Amino acid sequence: MLTCLALIVSFFAGAMLCTFLVNAGRRHGQKAIYAYSILLEGVLLASLDLVQLFWLPPSGHNVLPPLGLSFLMGLQNATVTRISGSVVRTTHVTGMITDLGIELADWFDALRHPVDPDQHARTVQRLRLHSKIIACFIGGGMAGAFGYTLWPAFFLLGVGLVLIALALPGILANARPVTASGRSTSE
């Protein structure tokens, strides 16, 4: 029971950290606020793999990896939730399947009871979005299982490095040059 509670608290803490980072970035006018969250996620994921490889006993009965992954899932979910304006969540498929069911019911209902064409277009757009996300969950789950089976020792490190590589261009493109006085050129 305590382990389950710790996993929930870890997920919650990851979501909170993301929100604090995004809010601080918005207050400071950072254009790459989401890239920083993704960079942090990549660094923590790669670090988790290295800690697991070099410092944890190989018995496999350690709670740190699941807690770390739960924290990262909360961070990831909050990042994408903020980016999409609460339309997309990326760490649980049940919500997406629920959303797909709702949109499909709205679509079928519109066949029986005519609705505004703009509303129907939005329903079709959300139906496509949720279908694509579910397909990505399935494909990503299969690719992750396959990759982890082939490369178990360094898989999380590899995925972390990919996230870092995806985040860096956005961060570097939006970096503000600093003058000799230590102030950014945009101040």
Side-chain angles (χ1 to χ4, degrees), residues 6-52 64-100 103 122 125-141 143-144 147 154-187:
L7 289 168
I8 292 167
V9 168
S10 184
F11 186 97
F12 186 74
M16 286 185 62
L17 177 62
C18 169
T19 303
F20 286 136
L21 289 172
V22 168
N23 290 349
R26 284 181 179 161
R27 278 192 301 276
H28 292 97
Q30 291 288 329
K31 294 180 182 176
I33 55 177
Y34 302 114
Y36 284 111
S37 291
I38 293 170
L39 176 68
L40 177 61
E41 183 181 348
V43 168
L44 292 175
L45 190 59
S47 299
L48 179 63
D49 194 17
L50 295 174
V51 166
Q52 188 172 328
L64 182 64
L67 287 175
L69 290 172
S70 183
F71 178 86
L72 289 167
M73 286 171 49
L75 183 74
Q76 168 69 21
N77 201 55
T79 300
V80 174
T81 298
R82 289 298 206 147
I83 290 170
S84 72
S86 299
V87 173
V88 177
R89 286 157 178 83
T90 59
T91 58
H92 48 278
V93 73
T94 55
M96 286 290 110
I97 291 173
T98 300
D99 291 343
L100 180 66
E103 300 305 336
R122 285 189 301 275
Q125 183 181 20
R126 288 191 306 262
L127 190 57
R128 287 183 180 140
L129 173 68
H130 295 307
S131 297
K132 289 175 186 176
I133 292 169
I134 291 168
C136 287
F137 268 112
I138 294 168
F154 295 102
F155 184 70
L156 296 179
L157 176 64
V159 173
L161 293 174
V162 167
L163 288 173
I164 292 167
L166 290 171
L168 282 177
I171 291 170
L172 296 174
N174 290 293
R176 292 184 244 175
V178 177
T179 64
S181 67
R183 303 186 85 160
S184 77
T185 56
S186 63
E187 291 179 16

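Nothing here was measured: the structure is a model prediction, and the numbers come from that model.
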Check against side-chain contact (heavy atoms from CB on, under 4.5 Å), Q125 and L129: CA-CA 6 Å; Q125 183 181 20; L129 173 68; 5.8 Å; no
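- The OG1 atom of T98 lies 10.0 Å from the NE2 atom of H130; values are rounded to the nearest 0.5 Å.
- Note that CG of L17 and OG1 of T79 are 9.0 Å apart. Values are rounded to the nearest 0.5 Å.
- In this structure, C18 SG and Y36 OH are separated by 14.5 Å, a value rounded to the nearest 0.5 Å.
- The CG atom of L67 lies 11.0 Å from the CZ atom of F71; values are rounded to the nearest 0.5 Å.
- Shown here for G160 and L45, the closest heavy-atom pair between the two residues is N-CD2, 3.8 Å.
- Put simply, the side chain of L100 reaches to within 4.5 Å of the side chain of L127, judged on heavy atoms.
- No side-chain donor-acceptor contact under 3.5 Å links S10 to the backbone of A6.
- I171 and A35 make their closest contact through CG1-CB, 3.6 Å (heavy atoms, listed as atom of the first residue, atom of the second, distance).
- Closest non-hydrogen pair, V22 versus S37, comes out as CG2-OG, 4.2 Å.
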I133 and D99: CA distance, side-chain angles, deciding distance, side-chain contact (heavy atoms from CB on, under 4.5 Å) verdict: CA-CA 11 Å; I133 292 169; D99 291 343; over 6 Å; no
Verdict with reasoning, L161 to I164, per side-chain contact (heavy atoms from CB on, under 4.5 Å): CA-CA 5 Å; L161 293 174; I164 292 167; 4.3 Å; yes
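- The heavy-atom pair separating L64 from L48 by the smallest distance is O-CD1, 4.2 Å.
- Heavy-atom minimum distance, D49 versus F155: OD2-N, 3.8 Å.
- Here CG of L72 is found 9.0 Å from CG of L156. Values are rounded to the nearest 0.5 Å.
- With rounding to the nearest 0.5 Å, the separation of CD1 in I97 from CD1 in I134 is 5.0 Å.
- Using a 4.5 Å cut-off on side-chain heavy atoms (C-beta onward), Q30 and N174 make no contact.
- Between the S70 side chain and the P66 main chain, no donor and acceptor come within less than 3.5 Å of each other.
- Shown here for I33 and G25, the closest heavy-atom pair between the two residues is CG2-CA, 3.3 Å.
- Around the CZ atom of R128, the shell of radius 6.0 Å holds no more than 12 heavy atoms that belong to other residues, nucleotides or ligands.
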